[in-house]
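Structure, as structure tokens:
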Amino acid sequence: MMNSLKRIYLGIIIVILYAPILVLITFSFNESKTTSWQGFSFKWYIQLAQNPSIQSALRYTLIVAFVSSIIATIIGVMAAVMINNLRGIKRQFIMALTYIPLLSPDIVIGISLMMLFSTINVPFGLTTLILSHVTFSTPYVILSIMPRLMLLNPNTYEAALDLGATPLYAFRKVILPEILPGVISGAFIAFTMSIDDFVVSFFNTASGVNTLSIQIYSMARRGVSPEINAISTLIFLTIVIILTIVNIKASRKMKLEGVQK
């Protein structure tokens, strides 16, 4: 009886979470602009591919996501290693600072970055967009790597140094292979967060440099179009594919470690 109730509750939760997305995906293939079903069609996806503003937004979205996730991953790896070497109150203080961007509302981060760029006279555009995405993505990378670093045996790194390895070589051969799953997970999270972001991007870009989220917002202000459903469907499927790849890699890594033990 309890198992049946758990299944029912789980089913209700899944329906509440994913029913709106399923409706959106369904109507992205609707022949009509209205919510009445008039036949299956790829019409809106074809129009989407021929829309120059969408193509420009997609190009900027991918550029910002790739560049910001790479920079955030590099900074995150270095920061995580430095934090792991700290002890006591210093480590607690730095970790508290790391959590602040995660707990702060997006609008606070977006406006504060906008004021910072304005104060130091940085022209708004692609550069400020990438820097702002690096800012809110880096903490996710750090927190993805820290659990792996905590499991490491510090004596292994020190032994490599004693055997004549340089710090950089010892890091590449000893530490990096062990924390690589966390690095990959953090990079994928940063990439996903960048694609998904709207608020921070809205305050830190310039006219003509739009991401997909900003473009969708602009289109929605003129009325809901089936092209928006098509864009949203593609973004949702992209995120699902990324998360699936991450989970598969993590599962394989765990199985491999279990076999080796």
Side-chain angles (χ1 to χ4, degrees), residues 24 28 44-79 97-142 186-239 241-242:
L24 181 145
S28 70
W44 306 113
Y45 288 91
I46 295 173
Q47 289 191 14
L48 196 64
Q50 297 173 346
N51 189 327
S53 60
I54 295 297
Q55 293 175 4
S56 175
L58 177 61
R59 182 170 63 254
Y60 280 121
T61 299
L62 293 177
I63 291 173
V64 172
F66 275 116
V67 175
S68 66
S69 60
I70 290 172
I71 297 174
T73 301
I74 294 172
I75 296 174
V77 170
M78 294 189 295
L97 292 179
T98 303
Y99 280 107
I100 289 176
L102 302 180
L103 301 176
S104 300
D106 287 346
I107 192 168
V108 173
I109 297 174
I111 292 177
S112 61
L113 287 170
M114 179 186 67
M115 294 179 65
L116 173 64
F117 294 139
S118 298
T119 302
I120 60 179
N121 295 320
V122 177
F124 285 92
L126 185 59
T127 301
T128 55
L129 200 55
I130 291 174
L131 290 175
S132 61
H133 282 224
V134 171
T135 300
F136 69 72
S137 297
T138 301
Y140 291 96
V141 179
I142 295 173
F188 274 119
I189 292 173
F191 184 82
T192 304
M193 293 292 295
S194 178
I195 291 178
D196 185 59
D197 177 73
F198 166 72
V199 177
V200 177
S201 300
F202 182 78
F203 286 104
N204 292 280
T205 189
S207 178
V209 184
N210 293 334
T211 60
L212 279 175
S213 58
I214 297 176
Q215 185 64 33
I216 291 172
Y217 174 74
S218 300
M219 294 170 64
R221 292 176 64 185
R222 298 191 295 268
V224 178
S225 167
E227 290 185 26
I228 298 177
N229 297 339
I231 300 173
S232 302
T233 299
L234 293 175
I235 294 175
F236 174 75
L237 292 178
T238 300
I239 294 174
I241 291 170
I242 291 173

How long is the straight-line distance from CD1 of Ile231 back to CG of Leu58, given to the nearest 0.5 Å?
9.5 Å

One should read off an interatomic distance between Tyr99 OH and Ile142 CD1, to the nearest 0.5 angstrom, of 10.5 Å

Mind checking the CD1-CZ spacing from Ile107 to Phe202? Nearest 0.5 Å is all I need.
9.5 Å

Can Val67 and Leu126 be said to form a side-chain contact (heavy atoms from CB on, under 4.5 Å), step by step?
CA-CA 11 Å; Val67 175; Leu126 185 59; over 6 Å; no

If you round to the nearest 0.5 Å, how far is CH2 of Trp44 from OG of Ser28?
11.5 Å

Reported CG-to-OG distance for the pair Leu113 and Ser132, which is rounded to 0.5 angstrom
6.0 Å

Minimal heavy-atom distance between Met114 and Phe124, with the atoms involved, is O-CZ, 3.5 Å

Phe117 and Thr127, any side-chain heavy atoms less than 4.5 Å apart
no

All side-chain hydrogen bond (donor to acceptor under 3.5 Å, both in side chains) counterparts of Ser213, not counting sequence neighbours:
Thr211

Residue pairs meeting side chain to side chain donor-acceptor pair (under 3.5 Å), one or both in residues 56-69, sequence neighbours left out, come to none

What are the two closest non-hydrogen atoms of Val209 and Leu129, and how far apart are they?
CG1-CD2, 4.1 Å

Looking at CG of Leu212 and CZ of Phe198, how far apart are the two atoms once the value is rounded to the nearest 0.5 Å?
12.5 Å

Going by the side chain to side chain donor-acceptor pair (under 3.5 Å) test, which pairs reach into residues 190-208, not counting sequence neighbours?
His133-Ser194, His133-Ser201, Asp197-Ser201

Has Thr138 got a side-chain atom pairing as donor or acceptor with Thr135's backbone, closer than 3.5 angstrom?
no

Just do the side-chain contact (heavy atoms from CB on, under 4.5 Å) check on Tyr45 and Thr233 with the steps written out, would you?
CA-CA 10 Å; Tyr45 288 91; Thr233 299; 3.3 Å; yes

